[in-house]
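Report on the structure given below.
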Amino acid sequence: MRRILGVLIASAMLASGAAKAAELEVVHWWTSGGEAAAVNEFAKAFDAAGHKWVDGAIAGGGGTNAIPAVVSRLLGGDPMGATQFNHGRQTEDLIKEGLFLDLTELSEKEGWRDFVFPSSLLDACTYDGKLYCVPVNIHSWQWIWLSNPAFAKAGIPVPSNWDEFVASAPKLRAAGVAPLAVGSQAWQSTGMITEVLAVAIAGPDNWSKVNVDKDASVAAGPAYAKVFEAAANARELAADIAVTDWNLATAAVITGKAAGQIMGDWAQGEFAVAEQTAGKDYSCLPGLGVNPVLSLGGDAFYFPKNKDADVTAAQLELASLMISKEVQVNFNLKKGSLPIRGDVDLSAANDCMKKGLGLLADGQILPGGNMALSRDTIGQIEDLMVQFWNDSSMSAASAQKAYASIIASAD
Amino acid sequence: MLFRNLSSKVASIPMAVTALVIFIGCSAWTVVYSFTGSRLLPKTRWVGFDQYDRLWDTTRWIVSIENLAIYGGCMLVLSLALGFTMAALLDQRIRFENTFRTIFLYPYALSFVVTGLTWQWMLNPTFGLQKVVRDMGYVDFTFAPLTDGDFAIYGVLLAGLWQGTGLVMVIMLAGLRGIDEDIWKAARVDGIPKWKTYLVIVLPMMRGAIITALVLVATSIIKVFDLIVAQTQGGPGLATEVPAKYVMDMMFRNQNLGQGFAASTMMLLFVMIILVPWTLYEFRERRRG
């Protein structure tokens, strides 16, 4: 009898313990192979803490589909447990409406300011002195990924900068390899031109003047004229291969059908899933080998305010897990991104990640375009770039003129 | 007066309220907020006509209007002409009329999303129509409108016609069947050729059917959005952008509600410009009649 009573009490205690465990629906747009493997690291860690991770993935690169869905759910009073956003100004208005959980207390208790590196990532999460998000990784746009076998096939060495790459195009074509693979979605050509080619060719100073100071005279000036000429050149180089999604363009580089892709370091996750080795199967050039500088893009998680106290507790627990050492390492190795803490051991990182970590440690960094420009301005630039990229009759000069006028009216 | 047909008046109250609050109320709200600098959330920060200035300065909006004009003009003329021709052919007391009618009307049962995806595949040069014809031996055959910015909107038009013509045909056929048999007999006695009877005598008598078809086709043109999203996503470049997509993208991608409201107010204005004179004209006709 006593034993039965003991079991009953034990199970009652278990039940009350289980009531504390909460289900959190986490919305993100990480759906490619490498990304899914990375987000699974979060899910595993959260489930191991006794909660339940409910995956709310919404496909669409750059959050083009996810962000509108998240915003309408938040405004409609149907908050999810947590949601991804990019570092930057995407959430300004939502924070002003008081829709997100204030993480200031947790961050002070755990001393986030002391180990988050570079600390400007936390500034991007801060509004009116309060902290609203957890940065989870650093992604930078400024990379070109090159297929070593493709260059071997053409009988030429792997180029070490953009000019050499452009010069190698005729030989690549003669060997039946498409020089450049670019997906047709607007954000891809936009990022390639305004983040990568601009930083590499016009230089970080000019880039900052245009994107941070919104100086239209620089955008209309000679340095940017070279950027748009290079973009017109890239448009021609990319004509051989037609794909939509960025990871399909990466796949073309992995299989050697295309020689190169200009894409952020999230492409590295795809190389990892395909079990390719940096330096042997593929090469990477930060800043196109011209200006090795990284912009601080990347992802952060926000936690919408919730009425249920158990859910709020679980949200704080997830926030603290996401930023913890072990999870940071596991997640970022899978994702191909750089961790947001300066104090973790990344000896398992590959060549390309080490190049990135080196640049980060040297302070060769720029704010990301998402931080500098509003979503409205980015949308206008995307419309312009997609037009320029698809209409070969649009000249570099007229694209530059339109770009400068968008920068002039940017807020 | 007020209490005559009381029950029917009571019954129509919900619809009247819906019309007033939802249609007129929300439209008015949108127009008012199109004069604000609203971003992600509606805010009353008045900016005058700034949103409209920017709208008519935006290449993408101008391209969208041009596309809508091309798509709309062609769609209106072709779907009515094809629909009437098909109805007239079906009217010849042919065999298997039911079967043909079902086949022609069937596409209308599909949503625009399905239509758009299907035609995206059909027009895909690597595994669509072009490949089929090339495999038959015509190796130089080229038909890939969706990849060419100058013709992409006609690729969309093709899908729109395929989907919408069946409905026009059925309405026209019903109109044709409503024509008195004696008219045909009289025309035959007078020795008027059959095609001329259709064009000069029967067509003007089908006013009701034609107006019904016209209104249905015109509304489907103005609100075309899902077809574009499914078939081309507005591409290549800006080649198949339409105003409705501009509104959606401004409101949700650019997080600029004010701009989206200004664009939708312009769309409302287009509809009013066409609809108001026509309604007034119809109203006067009826009074006279």
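Throughout, a chain's letter reflects where its sequence line sits, starting with A, and its residues are numbered from 1.
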Count the heavy atoms belonging to other residues, nucleotides or ligands that lie under 6.0 Å from OH of B:Y154, then report whether that count exceeds 12.
no
In terms of heavy-atom contacts, A:Q380 and B:N254 come closest through N-ND2, 3.8 Å
- Message: Would you say NZ of A:K214 has more than 12 non-hydrogen atoms from neighbouring residues, nucleotides or ligands within 6.0 angstrom?
- Response: yes
Rounded to the nearest 0.5 angstrom, the CG-OG1 distance for A:L384 and B:T58 is 11.5 Å
When the 4.5 angstrom heavy-atom criterion is applied to B:M250 and chain A, the contacting part is side chain
Between B:R253 and A:G379 the two heavy atoms that sit nearest each other are NH2-O, 3.0 Å
Cut-off 4.5 Å, heavy atoms of chain A, and the answer for B:R60 is side chain
Under 4.5 Å to a heavy atom of chain B? For A:D383 that would be both
Practice problem: Give a yes or no on whether the backbone of B:L40 and the side-chain of A:D93 come within a donor-acceptor separation of less than 3.5 Å. | Solution: yes
- [ ] Decide if atom CZ of B:F270 counts as having more than 12 heavy atoms of other residues, nucleotides or ligands within a radius under 6.0 Å.
- [x] yes
So, the part of A:L94 with a heavy atom under 4.5 Å from chain B: the answer is both
Between B:R39 and A:E97, does the salt bridge (Lys or Arg N to Asp or Glu O under 4.0 Å) criterion hold? Intermediate values first, please. CA-CA 12 Å; B:R39 290 294 187 163; A:E97 284 299 300; over 6 Å; no
With a 6.0 Å cut-off (strictly less than), is the heavy-atom count around CZ of B:F225, excluding the residue itself, greater than 12?
yes
More than 12 heavy atoms of other groups within 6.0 Å of A:K96 NZ = yes
| request: Please indicate whether B:F141 has more than 12 foreign heavy atoms, meaning atoms of other residues, nucleotides or ligands, lying under 6.0 Å from its CZ. | output: yes
query: Are side-chain heavy atoms of A:I67 and B:Q255 found at a separation under 4.5 Å?
result: yes
Is the count of non-hydrogen atoms from other residues, nucleotides or ligands lying under 6.0 Å from B:K43 atom NZ greater than 12? yes
Rounding to 0.5 Å, atoms OG (A:S409) and CG (B:D53) come to a distance of 12.0 Å
